[in-house]
Number of protein chains: 2
Amino acid sequence: MEYLQIHIVISEELYTKNPESSELGKKIVSRSIEMIDELGFEAFTFKKLGKSIGSNESSIYRYFESKHMLLVYLLCWYWSWIEYKLVFATTNIQSKEEKLSAAVDILTRKVDVDNSFSYIDEVILNRIIIAESSKAYHTKDIDTENEKGYYTVYKRVVQRVSNMVTELNPDFEFPHMLVSTVIEGAHQQRYFSEHLPSLTNVKKGKDTIVKFYTDLVFKVIK
Amino acid sequence: MEYLQIHIVISEELYTKNPESSELGKKIVSRSIEMIDELGFEAFTFKKLGKSIGSNESSIYRYFESKHMLLVYLLCWYWSWIEYKLVFATTNIQSKEEKLSAAVDILTRKVDVDNSFSYIDEVILNRIIIAESSKAYHTKDIDTENEKGYYTVYKRVVQRVSNMVTELNPDFEFPHMLVSTVIEGAHQQRYFSEHLPSLTNVKKGKDTIVKFYTDLVFKVIK
DNA sequence: CAAATATAATAGTAATACTATCAAAAACTA
DNA sequence: TAGTTTTTGATAGTATTACTATTATATTTG
């Protein structure tokens, strides 16, 4: 991808102190990504993170209210990044079909190159999204948090791709359902292919998941 | 549904002492379903459950190794019940289309009548599956647990419906992906419709979700 | 009625998810 | 450069969780 001097801005609601404002903050974010991937979200703690980065548990709490809020921050970062990639990859495409196809590709493809967005490893972050993101919104606080706008970026991504669907077929009644089914489905299929392979038909080498969901989208909206 | 003297049998691996073997065991299961629904899985504890049923925390541990294992038990019970409904609703249907259609209906429809399977409220259990089931298999132990057969019933349900897909179109390459996408997608859409409605296009009154996934299945396998 | 089994009560442990306080260090500022 | 503010670190402490272990008391069964 083209190298650009761009910067992902995260809503102030998601942190107590902006982790981008200091070296420690960035270290917290980048190491937390690695540790959540290694340990899983449940076994990951601020104490372990502090120890690992040579800092103190209490210092981490100055950036993030809780490990749940850190996870929400990471999701928001991820979806902002996807939104950027999505807009970048689809503007100036004339053909509506090609445009939607490019969008579905971005939503379903595995991230396997770290575009080195500063201190965040997008390959590992993608794995976290696949394995842990459902834990962020499957809580009893979902409604309050949704009102506070924690999931705005994700919803905007769904809206953008839904618009592409509607452009192609204005009569299609369920664009949001289709798009969120594809996004969440692709993540689940990636998880299943590694851990519960009999729930999938993933073939080695090829990216079956991208193919499956691309076909699905075009067949469903016809 | 027809009243039958049937009984759902759960693999011995999933409990320490069979909860069906005593009144206390059944109370543990039925009250845990209500409490997980009320409190959410995170806030639910064996201590609270014990207090609520007038029993002791330590007694509950004699039935289930951990609250995680109790959740796995509930999932297994749910999928066994769905499998029973599935087989019941699809045998003797001649038309392959109708058969698949009936299956998709069972997988995607909201459970809104408690068939009073003894001490288990299927309506509440269905809500738990929608809101909490992903927490059961999104853990670091998934591979070990899968080897132990904890998810066999779920996989068998997917297999059964995949077979119906294959009967209709033997050339379709991704029956398992399609079926697991539909099952998980329908659950997510129900959750979204309540908590993140802008990710869906659910209309009041009608069961949009059943319609959406039924259409999707037949379009995709064509 | 005795023996076996199930349950309850109590205590205890290590870890978690924080909060509070205070001192030390670093950064910025007059 | 000294002084002030801000940031970080160290330590301690709390309530709760997710258990385990032990012993006493019911309850069931033969």
Side-chain angles (χ1 to χ4, degrees), chain A residues 12 14-32 35-36 38-74 119 132 135-136 138-141 144-145, chain B residues 12-32 35-36 38-74 119 132 135-136 138-141 144-145 150:
Chain A
E12 288 184 22
L14 301 184
Y15 49 77
T16 314
K17 181 186 159 111
N18 191 346
E20 294 217 285
S21 69
S22 73
E23 281 312 304
L24 179 63
K26 286 177 207 165
K27 230 177 182 176
I28 288 171
V29 172
S30 66
R31 192 79 251 273
S32 73
M35 288 186 82
I36 292 171
E38 283 161 31
L39 306 173
F41 188 65
E42 283 72 29
F44 165 78
T45 69
F46 279 3
K47 193 163 201 172
K48 288 175 190 169
L49 174 60
K51 201 175 173 188
S52 167
I53 60 175
S55 179
N56 200 273
E57 199 189 355
S58 59
S59 305
I60 299 164
Y61 276 102
R62 259 176 234 114
Y63 288 87
F64 295 101
E65 199 182 305
S66 62
K67 74 172 182 170
H68 173 253
M69 284 310 296
L70 170 58
L71 181 61
V72 173
Y73 178 91
L74 295 178
Y119 53 95
E132 317 287 357
K135 292 167 193 168
H138 282 106
T139 54
K140 280 283 162 187
D141 296 327
T144 326
E145 296 194 350
Chain B
E12 289 184 21
E13 309 249 290
L14 301 184
Y15 50 76
T16 314
K17 179 185 160 116
N18 191 347
E20 296 218 285
S21 69
S22 73
E23 280 314 303
L24 178 63
K26 285 177 208 166
K27 231 177 181 175
I28 288 170
V29 172
S30 67
R31 191 79 250 272
S32 74
M35 289 188 81
I36 292 171
E38 284 161 30
L39 305 173
F41 188 66
E42 283 72 29
F44 165 79
T45 69
F46 279 3
K47 193 163 201 170
K48 289 175 190 169
L49 174 60
K51 201 175 174 186
S52 167
I53 59 176
S55 177
N56 200 272
E57 200 189 354
S58 60
S59 304
I60 299 164
Y61 276 102
R62 252 176 244 111
Y63 288 87
F64 295 101
E65 199 182 303
S66 62
K67 72 171 182 171
H68 173 253
M69 285 311 295
L70 170 58
L71 181 61
V72 174
Y73 178 92
L74 295 178
Y119 54 95
E132 316 287 357
K135 292 167 193 168
H138 281 107
T139 55
K140 281 284 164 187
D141 295 328
T144 326
E145 296 194 351
Y150 291 5

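Letters A, B, ... mirror the listed sequences (proteins, then strands); counts begin at 1.
- Within the 4.0 Å cut-off from OP1 or OP2 of dA17(C), not a single side-chain nitrogen or oxygen of Thr45(A) is found.
- Distance Lys26(B) NZ to dA6(C) P: 15 Å, rounded to the nearest Å.
- Residue Glu57(B) places its side chain closer to dC19(D) than to any other of dT16(C), dT17(D), dC19(D).
- Between Phe44(A) and Asn56(A), the one whose closest nucleotide on DNA chain C sits nearer the 5' end is Phe44(A).
- Remark: P of dC18(C) and NZ of Lys48(A) are 14 Å apart, rounded to the nearest angstrom.
- His138(A) and Lys135(B) get closest at one heavy-atom pair: O-NZ, 2.7 Å.
- For the pair Lys67(A) and dT16(C), the criterion of a side-chain N or O lying under 4.0 Å from OP1 or OP2 is not met.
- Side-chain proximity of Ser58(B) to the nucleotides dC19(D), dA17(C), dA8(C) is greatest for dA8(C).
- Residue Lys47(B) is out of contact with every strand shown, counting any heavy-atom pair closer than 4.0 Å.
- Here the closest non-hydrogen pair linking Met35(B) and Leu49(B) is SD-CA, 3.6 Å.
- As rounded to whole Å, 18 Å separates atom P of dT7(D) from atom NZ of Lys27(A).
- Closest to the side chain of Arg62(A), from the set dG9(D), dT7(D), dT17(D), is dG9(D).
- Rounding to whole angstrom units, CG of residue Leu24(A) and P of dT6(D) are separated by 18 Å.
- Glu42(A) comes within 4.0 angstrom of no nucleic acid atom, judged by non-hydrogen atoms across all strands.
- Taking the side chain of Ser59(A) as heavy atoms from C-beta on, and the options dG9(D), dA17(C), dA8(C), the nearest nucleotide is dG9(D).
- Of the candidates dT8(D), dA18(D), dT7(C), the closest approach to any side-chain atom of Ser22(A) belongs to dT8(D).
- Closest to the side chain of Lys17(B), out of dT17(D), dA6(C), dC18(C), is dA6(C).
- The two residues Phe46(A) and Ile60(A) make their nearest non-hydrogen contact at O-CD1, 3.4 Å.
- Taking every side-chain heavy atom of Tyr61(A) into account, dC18(C) is the closest of dC18(C), dA8(C), dA18(D).
- A straight line from CD of Glu23(A) to P of dA27(C) spans 10 Å, rounded to a whole angstrom.
- Distance Phe64(B) CZ to dA18(D) C1': 16 Å, rounded to the nearest Å.
- Residues Glu42(A) and Lys140(B) are not paired through a salt bridge, judged by the lack of any N-O separation under 4.0 Å between the basic side chain and the carboxylate.
- At the heavy-atom level, Glu65(A) lies under 4.0 Å from the strands shown only through sugar-phosphate atoms.
- Defined by atom type and a distance below 3.5 Å, a donor-acceptor pair is missing between the side-chain atoms of Thr139(A) and Asp141(A).
- Contact annotation for Tyr63(A): backbone-only contact, meaning every heavy-atom pair under 4.0 Å involves sugar-phosphate atoms and none involves a base.
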